[in-house]
Asker: 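I'd like to ask you about the structure that follows.
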Amino acid sequence: MAKNGYPADRINTQEAHSARVYDYILGGKTNYVVDQQAGDAMCQEWPAMPVHMRENRFFMHRAAQYLAREEGVRQFLDIGTGIPTEPNLHEVVQRTAPDSRVVYVDNDPIVLTHAQALLVSTPEGRTAYIDGDMRDPAAILAAPEVADTLDLTRPVGLMIIGIVHFLLDEDDAMGIVRRLLDPLPSGSFLAMTIGTADFAPEEVGRVASEYESRGMPMRLRTRAEAEAFFTGLDLVEPGVTQVHYWKPDADTDPNIDDRDIAMYGGVARKN
């Protein structure tokens, strides 16, 4: 057993992990040489990687703030948490509503260890962490941490940020998202970012090949495929856009080149 209580064979520092590569490219410290090598190779193929990843993160901040401030959402389920990088989801929403509750879900022991150490709620709110895989929505929703933290008779913000492109066609990404959303009540919201090669197909294609060569195959999607995740929901304006166009704020760089962003984002309400 490792010191953090996870089986040692679950903590693999010999192969790159998407969350740690993301952390490295964003300038974090929770990564290993193998993740740094992967990140450097990807940035060599597409130098815009840091810009792209930062804008994905900033979308999460704006979407969460919108849901807390404009829609009054006080409960959030964050699928594929990733390495904690301030500000985290609960910090964003608890600035607006200190009583907000957040359940974080990830299947990487290193992510979960850091989450438990760093994702500390306000006294009025609450955070919880689930060791779970997005491919098993039923297990996530049945986890005691969900029942103990969230009231599923009240609206929930389902956050699926920067993860669905790691679900392949055989995984049934659309079905997985629906199975996570269906048990949530009317008035809940889905916030997603979806990887795409629409704007820089050659460069992003090479990045996808780098991921695949390191055991992390990707399924990049067109705009129509991204929009399909929101079928039957009421999209919040401006709809499904590249992430930097979704409700930009004063901190959004107006000079971002569209070719440097390979992620669609959208927020929609469940009726």
Asker: Please check: side-chain N/O of N88 versus main-chain N/O of H90, any donor-acceptor pairing under 3.5 Å?
Answerer: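 It does not hold such a pair.
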
Asker: Provide the full list of ring-ring contact (aromatic ring centres under 6.0 Å, His included) pairs with a residue in residues 243-266, sequence neighbours left out, each pair given once.
Answerer: F59-W246, Y66-W246, F199-Y264

Asker: Are I79 and F76 connected into the same hydrophobic cluster when the rule is that any two of I, L, V, M, F, W, Y join if their side-chain heavy atoms are below 4.5 Å apart?
Answerer: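 Unlinked, F76 and I79 end up in two clusters.
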
Asker: Any donor-acceptor pair under 3.5 Å linking the side chain of D198 with the backbone of R223?
Answerer: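 Indeed, once roles are kept as given, a pair shorter than 3.5 Å links the two residues.
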
Asker: Of all residues at least two apart in sequence or in a different chain, which pass the side-chain contact (heavy atoms from CB on, under 4.5 Å) check with R126?
Answerer: R101, D148, T149

Asker: Let me check something: do I261 and V164 share a hydrophobic cluster, defined by ILVMFWY side-chain heavy atoms less than 4.5 Å apart, either directly or through other members?
Answerer: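 No, separate clusters.
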
Asker: Do H165 and M263 have side chains that get closer than 4.5 Å, going by heavy atoms?
Answerer: yes

Asker: How would you list all residue pairs meeting ring-ring contact (aromatic ring centres under 6.0 Å, His included) that involve residues 175-197, not counting sequence neighbours?
Answerer: none

Asker: Out of curiosity, does I194 fall in the hydrophobic cluster containing F58 (side-chain heavy atoms, cut-off under 4.5 Å, transitive links)?
Answerer: no

Asker: Measure the OG1-CG distance between T241 and D258 for me, rounded to the nearest 0.5 Å.
Answerer: 10.0 Å

Asker: Please table the atom pairs, donor to acceptor, closer than 3.5 Å between any side-chain atom in residues 152-162 and protein atoms at least two apart or in another chain.
Answerer:
residue, atom, partner, partner atom, Å
T153, OG1, D151, OD1, 2.6
T153, OG1, D151, OD2, 3.2

Asker: Look at atom CD of E202 and say whether more than 12 heavy atoms of other residues, nucleotides or ligands are closer to it than 6.0 Å.
Answerer: no

Asker: Identify the heavy atoms of D35 and H17 that sit nearest to each other, and give their distance.
Answerer: OD1-N, 3.0 Å

Asker: Is any side-chain heavy atom of Y129 less than 4.5 Å from a side-chain heavy atom of D131?
Answerer: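 No, side chains not in contact.
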
Asker: Please check if any side-chain donor atom of Q75 sits under 3.5 Å from a side-chain acceptor atom of S100, or the reverse.
Answerer: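 Short answer, no.
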
Asker: Show the nearest heavy-atom pair for residues R57 and P87, with the distance to one decimal.
Answerer: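 Looks like NH2-O, 3.5 Å.
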
Asker: Please check: side-chain N/O of T196 versus main-chain N/O of R221, any donor-acceptor pairing under 3.5 Å?
Answerer: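 Yes, the answer is positive, given that a donor and an acceptor are paired below the 3.5 Å cut-off.
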
Asker: Please list, chain by chain and in numerical order, all residues satisfying side-chain contact (heavy atoms from CB on, under 4.5 Å) with P98, sequence neighbours excluded.
Answerer: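 In terms of side-chain contact (heavy atoms from CB on, under 4.5 Å), with neighbours along the sequence ignored, P98 is linked to T122, E124.
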
Asker: Which residues satisfy the side-chain contact (heavy atoms from CB on, under 4.5 Å) test with P185, sequence neighbours excluded?
Answerer: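 If we apply the side-chain contact (heavy atoms from CB on, under 4.5 Å) test to P185, skipping adjacent residues, the hits are S188.
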
Asker: What are the two closest heavy atoms between E91 and R95, and how far apart are they?
Answerer: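 Nearest pair, atom of E91 first, then R95: O-CG, 3.0 Å.
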
Asker: Kindly say whether R62 contributes a backbone atom to a donor-acceptor pair with the side chain of K247 at under 3.5 angstrom?
Answerer: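 Answer holds: no.
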
Asker: Okay, side chain of T96, backbone of A68: is any donor-acceptor separation there less than 3.5 Å?
Answerer: no

Asker: Taking side chain as C-beta onward, heavy atoms only, is M216 less than 4.5 Å from S18?
Answerer: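 Touching, per the 4.5 Å side-chain cut-off.
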
Asker: Kindly work out whether a path of hydrophobic side-chain contacts (I/L/V/M/F/W/Y, heavy atoms less than 4.5 Å apart) joins L77 to L233.
Answerer: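 L77 clusters together with L233.
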
Asker: Can you list the residues that meet the ring pair (Phe, Tyr, Trp, His ring centres under 6.0 Å) rule with F166, with sequence neighbours excluded?
Answerer: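 Partners of F166 by the ring pair (Phe, Tyr, Trp, His ring centres under 6.0 Å) criterion, ordered by chain and then number, come out as Y211.
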
Asker: Please tell me if the side chains of C43 and I25 come closer than 4.5 Å, counting only heavy atoms from C-beta onward.
Answerer: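 The answer is yes, as the side chains (C-beta and beyond) meet within the 4.5 Å cut-off.
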
Asker: Once rounded to the nearest 0.5 Å, what's the spacing between atom CE of M53 and atom OH of Y24?
Answerer: 11.5 Å

Asker: Does any non-hydrogen side-chain atom of Q36 lie less than 4.5 Å from one of N31?
Answerer: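 N31 vs Q36: side chains touch.
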
Asker: Indicate if V93 and M60 have the same hydrophobic cluster label, given that clusters are the connected sets of ILVMFWY residues with side-chain heavy-atom separations under 4.5 angstrom.
Answerer: yes

Asker: Ignoring hydrogens and geometry beyond distance, is a side-chain donor-acceptor pair present between N56 and T193 at under 3.5 Å?
Answerer: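 Checked: N56/T193 side chains pair up, N/O donor to acceptor below 3.5 Å.
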
Asker: What distance separates E170 CD from R135 CZ, expressed to the nearest 0.5 Å?
Answerer: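 E170 atom CD to R135 atom CZ measures 9.0 Å (nearest 0.5 Å).
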
Asker: Please report the shortest heavy-atom distance between S121 and Q94, naming the atom on each side.
Answerer: OG-NE2, 3.0 Å

Asker: Can you tell me how far apart OH (Y32) and CZ (R20) are? Round to the nearest 0.5 Å.
Answerer: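 If I round to the nearest 0.5 Å, the distance is 6.5 Å.
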
Asker: With sequence neighbours excluded, tell me which residues meet salt bridge (Lys or Arg N to Asp or Glu O under 4.0 Å) with D257.
Answerer: R259

Asker: Grab the two heavy atoms, one from I140 and one from V146, that are nearest each other, plus how far apart they are.
Answerer: O-CG2, 3.3 Å

Asker: Report the residues that fulfil salt bridge (Lys or Arg N to Asp or Glu O under 4.0 Å) with D172, sequence neighbours left out, ordered by chain and then residue number.
Answerer: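 Result, salt bridge (Lys or Arg N to Asp or Glu O under 4.0 Å) vs D172: R179.
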
Asker: Is a side-chain donor or acceptor of D136 paired with a backbone partner of A139 at a separation under 3.5 angstrom?
Answerer: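 At least one qualifying donor-acceptor pair exists.
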
Asker: Are the side chain of D249 and the backbone N or O of D251 linked by a donor-acceptor pair below 3.5 Å?
Answerer: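 A pair under 3.5 Å: yes.
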
Asker: By side-chain contact (heavy atoms from CB on, under 4.5 Å), which residues pair with L235, not counting sequence neighbours?
Answerer: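 Expected list: F230, V240, A268.
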
Asker: Find the distance between CG (N107) and CD1 (I130) and round it off to the nearest 0.5 Å.
Answerer: 12.5 Å

Asker: Please determine if R206 and E210 form a salt bridge, counting it only when a charged side-chain N lies under 4.0 Å from a carboxylate O.
Answerer: no

Asker: With heavy-atom distances below 4.5 Å as the criterion, would you say the side chains of I256 and E55 are in contact?
Answerer: yes

Asker: Residues in salt bridge (Lys or Arg N to Asp or Glu O under 4.0 Å) with R219, at least two apart?
Answerer: D169, E225

Asker: Please find the pair of heavy atoms, one from V103 and one from L150, that lie closest to each other, and give the distance.
Answerer: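 That closest heavy-atom pairing would be CG2-CG, 3.8 Å.
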
Asker: Under the ring pair (Phe, Tyr, Trp, His ring centres under 6.0 Å) rule, collect the residues that match up with H52, sequence neighbours excluded.
Answerer: W46

Asker: Compare all side-chain heavy atoms of L167 with those of I176 and state whether any distance is below 4.5 angstrom.
Answerer: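 In contact.
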
Asker: Taking only Lys NZ, Arg NE, NH1 and NH2, and the carboxylate oxygens of Asp or Glu, determine whether R269 and D234 approach each other closer than 4.0 Å.
Answerer: no

